[in-house]
Colleague: 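Have a look at the structure that comes next, please.
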Amino acid sequence: MTNAFAKPDAGIALLRVSLGVMTLAHGLLKLFVFTVPGTVAFFASLGLPAIAAYAVITLEIGGGLLLIAGLGTRFAAAALVPVLIGAAMAHAGNGWLFSNPNGGWEFPAFYAVALIAQTMLGSGAYALDNRVGGLPQPAAA
């Protein structure tokens, strides 16, 4: 008897696309809502150089698009892990729960773990990597 929910390729795609949409949304939020100068100022308040804000915005928008498309998935997911570790560190003083004032570190920590899982899983079957000669992906178990 087969399990109707045993769809590893669909699960990998769901994880990849949802991580991509979330990452893209965070990058666009920094670009259009917080604005680049606002994001730079926030990073400066954390003692980070301005270039870090530009790098994070670029990584979130570019990485999000790559994840959604399934193009260079392992590279994109791995490149975003340090961004989320940095976000967890930035929120560490606010406590565990992300619903705390100024956000805690639970969500960015979980998000980093999900990106590590995506790095390990690869793009899955429903990805551009499989269409344009991307890196070979392991077969789903």
Side-chain angles (χ1 to χ4, degrees), residues 1-43 45-141:
M1 181 143 83
T2 62
N3 181 345
F5 292 104
K7 308 283 186 209
D9 285 330
I12 292 168
L14 181 62
L15 177 64
R16 177 178 49 76
V17 172
S18 62
L19 284 170
V21 168
M22 231 170 27
T23 303
L24 177 61
H26 277 91
L28 294 175
L29 182 72
K30 288 173 182 68
L31 185 65
F32 294 118
V33 177
F34 300 145
T35 73
V36 174
T39 302
V40 169
F42 175 70
F43 276 55
S45 77
L46 299 174
L48 298 170
I51 191 73
Y54 292 103
V56 167
I57 292 168
T58 302
L59 280 167
E60 287 182 343
I61 293 172
L65 291 170
L66 289 171
L67 287 171
I68 291 166
L71 193 57
T73 299
R74 284 194 165 108
F75 172 78
L80 287 162
V81 170
V83 172
L84 273 298
I85 290 172
M89 292 170 58
H91 291 282
N94 303 331
W96 164 252
L97 293 176
F98 206 68
S99 59
N100 288 349
N102 298 315
W105 58 273
E106 82 173 293
F107 178 73
F110 172 77
Y111 194 169
V113 171
L115 285 165
I116 292 168
Q118 189 69 66
T119 301
M120 295 166 74
L121 291 168
S123 298
Y126 311 111
L128 284 180
D129 274 339
N130 301 313
R131 306 273 186 264
V132 296
L135 298 173
Q137 299 297 312

Colleague: With side chains defined as the heavy atoms from C-beta onward, is the minimum distance between F42 and L48 less than 4.5 Å?
Modeller: no
Colleague: Quick one, L67 and L115 - any side-chain contact, counting heavy atoms below 4.5 Å?
Modeller: yes
Colleague: Only one of L65, L59, T58 clears side-chain contact (heavy atoms from CB on, under 4.5 Å) with I61; which?
Modeller: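 Result for side-chain contact (heavy atoms from CB on, under 4.5 Å) with I61: L65.
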Colleague: When you measure from the side chain of R16 to the backbone of Y126, do you find a donor-acceptor pair of N or O atoms at a distance under 3.5 Å?
Modeller: yes
Colleague: Would you find a donor on one side and an acceptor on the other, under 3.5 Å apart, between the side chain of N94 and the backbone of N102?
Modeller: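 Pair found, side chain donor or acceptor close to backbone of N102.
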Colleague: For T35 and F32, indicate whether the former's side chain and the latter's backbone hold a donor-acceptor pair under 3.5 Å.
Modeller: no
Colleague: Over all heavy atoms of both residues, which pair between L15 and A114 is shortest? Give the atoms and the distance, please.
Modeller: CD2-O, 4.3 Å
Colleague: Grab the two heavy atoms, one from H26 and one from M22, that are nearest each other, plus how far apart they are.
Modeller: ND1-O, 2.8 Å
Colleague: Quick check: closest heavy atoms across P108 and A88, and the distance to 0.1 Å?
Modeller: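 It is CB-N, 3.6 Å.
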Colleague: Between N130 and G124, is there a donor-acceptor pair closer than 3.5 Å when you use the side chain of the first and the backbone of the second?
Modeller: yes
Colleague: Determine whether a donor-acceptor pair (N or O, by modelled atom type, separation under 3.5 Å) exists between the side chain of D129 and the backbone of G72.
Modeller: yes
Colleague: Do any N or O atoms from the side chain of T39 and from the backbone of A53 form a donor-acceptor pair under 3.5 angstrom?
Modeller: no
Colleague: Do L28 and E60 have side-chain heavy atoms sitting under 4.5 Å apart?
Modeller: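 Counting from C-beta outward, L28 and E60 never come under 4.5 Å.
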Colleague: Check step by step if side chain to side chain contact (heavy atoms under 4.5 Å, CB included) holds for T73 and L66.
Modeller: CA-CA 6 Å; T73 299; L66 289 171; over 6 Å; no
Colleague: Begin with the C-alpha distance, continue with both residues' side-chain angles, and end with the deciding distance and a verdict on side chain to side chain contact (heavy atoms under 4.5 Å, CB included) for F110 and L84.
Modeller: CA-CA 9 Å; F110 172 77; L84 273 298; over 6 Å; no
Colleague: Name the one of V17, L24, L19 that satisfies side-chain contact (heavy atoms from CB on, under 4.5 Å) with V21?
Modeller: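 Checked V17, L24, L19 against V21; only one passes side-chain contact (heavy atoms from CB on, under 4.5 Å): V17.
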Colleague: Say you draw a straight line from CG of L97 to CH2 of W105; how long is it, rounded to the nearest 0.5 Å?
Modeller: 10.0 Å
Colleague: Measure the CZ-CD distance between F98 and E106 for me, rounded to the nearest 0.5 Å.
Modeller: 8.5 Å
Colleague: Identify the two heavy atoms, one from G104 and one from H91, that lie closest to each other, and give their separation to 0.1 Å.
Modeller: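 Looking at all heavy atoms of both residues, the shortest contact is O-CB, 3.3 Å.
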Colleague: Could you check whether any side-chain heavy atom of Y111 comes within less than 4.5 Å of a side-chain heavy atom of T23, counting everything from C-beta outward?
Modeller: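 Yes; the side chains approach each other to less than 4.5 Å.
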Colleague: Closest approach of G70 and S123, non-hydrogen atoms and distance?
Modeller: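 The pair with the smallest heavy-atom distance is O-OG, 3.7 Å.
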